[in-house]
> 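To start, I am sharing the structure in question, which I have written as structure tokens.
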2 protein chains.
Amino acid sequence: MRIGELAERTGASVRSLRYYEEQGLLTSERSTSGQRHYPEEAVDRVALLRRLYGAGLTSRVITELLPCTYAPSIESSDDAFERMLTERAKLNAHIDELRTTLRALDEVISMNRRWRAENATDSATAS
Amino acid sequence: MRIGELAERTGASVRSLRYYEEQGLLTSERSTSGQRHYPEEAVDRVALLRRLYGAGLTSRVITELLPCTYAPSIESSDDAFERMLTERAKLNAHIDELRTTLRALDEVISMNRRWRAENATDSATAS
DNA sequence: CTTGCCTCTGACGTCAATGTGAGGTTTTAG
DNA sequence: CTAAAACCTCACATTGACGTCAGAGGCAAG
């Protein structure tokens with residue numbers, strides 16, 4: 001498929017797809033005229049990329065993690081494997097952080113809820 | 001306390017603290033000479049701000065959410081309350097997304113682990 | 001062949017949070 | 001009193017993942 005279709009099917013913009021390729025995260029075959037063509041799997045690939053981006057991973061980090069899923073090699077594997085575990089741990093920690101934030105937000109919300117209850121005897125009564 | 005101490009105690013840079021103030025997220029008393037002075041609570045305040053920033057909320061959104069915790073008013077409250085619930089929901093959804101990403105990453109990791117197991121008969125054997 | 005849509009490369013624009021530096025004042029330590 | 005350290009206000013620079021525009025070519029349909 002061509003880039004437009006891939007964009008439509010993944011929800012990524014055409015610009016983004018070219019950017020991913022530029023970052024070495026996505027490959028494409030080129031037609032003689034230079035147009036990019038992608039296989040079906042590219043859809044999943046892009047989905048994974050978007051997930052990782054969404055998780056706050058940067059292009060550079062993803063670049064260091066994912067090459068091995070395409071062309072595993074002993075050399076790349078050792079480093080990448082370590083990085084993966086590191087990134088997994090970081091992501092896990094981040095999720096915990098977010099849960100803490102969620103609790104903090106809940107607290108703010110319930111503070112506000114209490115305040116509203118106290119002052120809601122009649123909204124027109126407010127100065 | 002002055003801005004330097006607040007920075008040190010919160011882990012935020014002096015620049016960031018001034019930025020938070022500029023965004024209306026943090027207030028300070030000024031000495032006659034114009035220097036900022038903060039009360040103890042500012043530490044918690046900044047901690048909360050950093051949490052929300054860390055959760056991906058933007059200044060604008062935080063601005064819309066938090067004023068009511070300082071100076072609650074009927075008018076601000078209604079809107080802000082809605083936004084809070086919305087943001088809470090978004091954060092929750094984001095956490096779910098991240099958990100999915102974590103699973104995806106786990107999958108990549110275990111793929112890699114299997115690959116390593118297969119090809120680890122002897123690392124020197126590799127071409 | 002031409003009209004219309006898709007694609008190409010390349011380069012500059014954007015946005016948000018923060019870094020950084022200039023140029024000047026204030027506070028603190030000796 | 002004086003020098004260092006901290007602070008002040010601009011204001012421009014940076015980074016990352018894109019948006020967007022320009023100028024040019026590719027490709028199916030009428």
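Any value given below was found using the heavy atoms of this structure, including those in side chains, with hydrogens, waters and symmetry copies removed. Quick caveat, the model's predicted, so the values are computed rather than measured. In what follows, chains carry the letters A, B, and so on, assigned in the order in which the sequence lines appear, proteins first and then strands, with residues in each chain numbered from 1.
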> Can you measure B:L49 atom CG to C:dT18 atom C1' for me and round it to whole angstrom units?
15 Å
> Can you tell me if the side-chain N/O atoms of B:S16 get under 4.0 Å from OP1 or OP2 in C:dT18?
yes
> Taking only the side-chain heavy atoms of A:R50 (C-beta and beyond), determine which of C:dT9, D:dC18, D:dG19 contains the nearest atom.
D:dC18
> Determine the contact category for A:R60: base if any of its heavy atoms lies under 4.0 Å from a base atom, sugar-phosphate if only primed atoms, P, OP1 or OP2 are that close, otherwise nothing.
nothing
> What's the separation between atom CD in A:E22 and atom OG in A:S59, rounded to the nearest 0.5 Å?
9.0 Å
> Would you state whether a donor and an acceptor, one from the side chain of A:R15 and one from the base of D:dT20, lie under 3.5 Å apart?
yes
> So what does A:S59 touch, heavy atoms closer than 4.0 Å: a base, only the sugar-phosphate, or nothing?
sugar-phosphate
> For A:T32 and for A:Y19, find the nucleotide of DNA chain D with the closest heavy atom, then tell me which residue's nucleotide is more 5'.
A:Y19
> OP1 or OP2 of C:dT7 versus the side-chain N and O atoms of A:R36: is any pair under 4.0 Å?
no
> Rounded to the nearest Å, what distance is computed from the CD atom of residue A:E21 to the C1' atom of nucleotide C:dC8?
11 Å
> Evaluate A:R9 against A:E5 for salt bridge (Lys or Arg N to Asp or Glu O under 4.0 Å), listing each step before the verdict.
CA-CA 6 Å; A:R9 287 179 57 183; A:E5 188 182 341; 3.6 Å; yes
> B:E22 CD to C:dA17 P: how many Å, rounded?
11 Å
> Quick one, which residues of residues 86-97 of chain B touch DNA chain D with a heavy atom under 4.0 Å?
none
> Given C:dT28, D:dC27, D:dC18, which nucleotide is nearest the side-chain atoms of B:R2?
C:dT28
> Considering non-hydrogen atoms only, spot the tightest contact between B:A12 and B:V46 and give its length.
CB-CG1, 4.3 Å
> Consider the side chain of B:T58, meaning its heavy atoms from C-beta on, and name the nucleotide among C:dA16, C:dT27, D:dA17 that approaches it most closely.
C:dA16
> Does the side chain of B:E21 come under 3.5 Å of the side chain of B:S28 through a donor N or O and an acceptor N or O?
yes
> Specify the separation, in whole Å, of atom CD of A:E5 and atom C1' of C:dC6.
13 Å
> Please report, rounded to the nearest Å, how far the P atom of D:dC7 is from the NE2 atom of B:H37.
9 Å
> Starting at atom CG of B:L57, determine the distance to atom P of C:dA17, rounded to an integer number of angstrom.
10 Å
> Would you call B:L25 and B:Y53 a side-chain contact if the rule is heavy atoms closer than 4.5 Å?
yes
> How many angstroms lie between atom CZ of A:R60 and atom CG of A:L65, to the nearest 0.5 angstrom?
10.5 Å
> Is any side-chain heavy atom of A:L66 closer than 4.5 Å to a side-chain heavy atom of A:L52?
yes
> Looking at the side chain of B:Q35, which of C:dT26, C:dC8, C:dC6 is the nearest nucleotide?
C:dT26
> What is the separation between atom OH on A:Y20 and atom P on D:dG16, rounded to the nearest whole Å?
15 Å
> Pair A:D106, A:R103 - check salt bridge (Lys or Arg N to Asp or Glu O under 4.0 Å), show working.
CA-CA 5 Å; A:D106 279 344; A:R103 282 198 300 275; over 6 Å; no
> Between C:dC8, C:dT27, D:dC12, which nucleotide gets closest to the side-chain atoms of B:S33?
C:dT27
> The side chain of A:Y53 lies closest to which of these nucleotides: C:dT18, D:dG19, D:dA17?
D:dA17
> D:dC8 C1' sits how many Å from B:Y38 OH, rounded?
12 Å
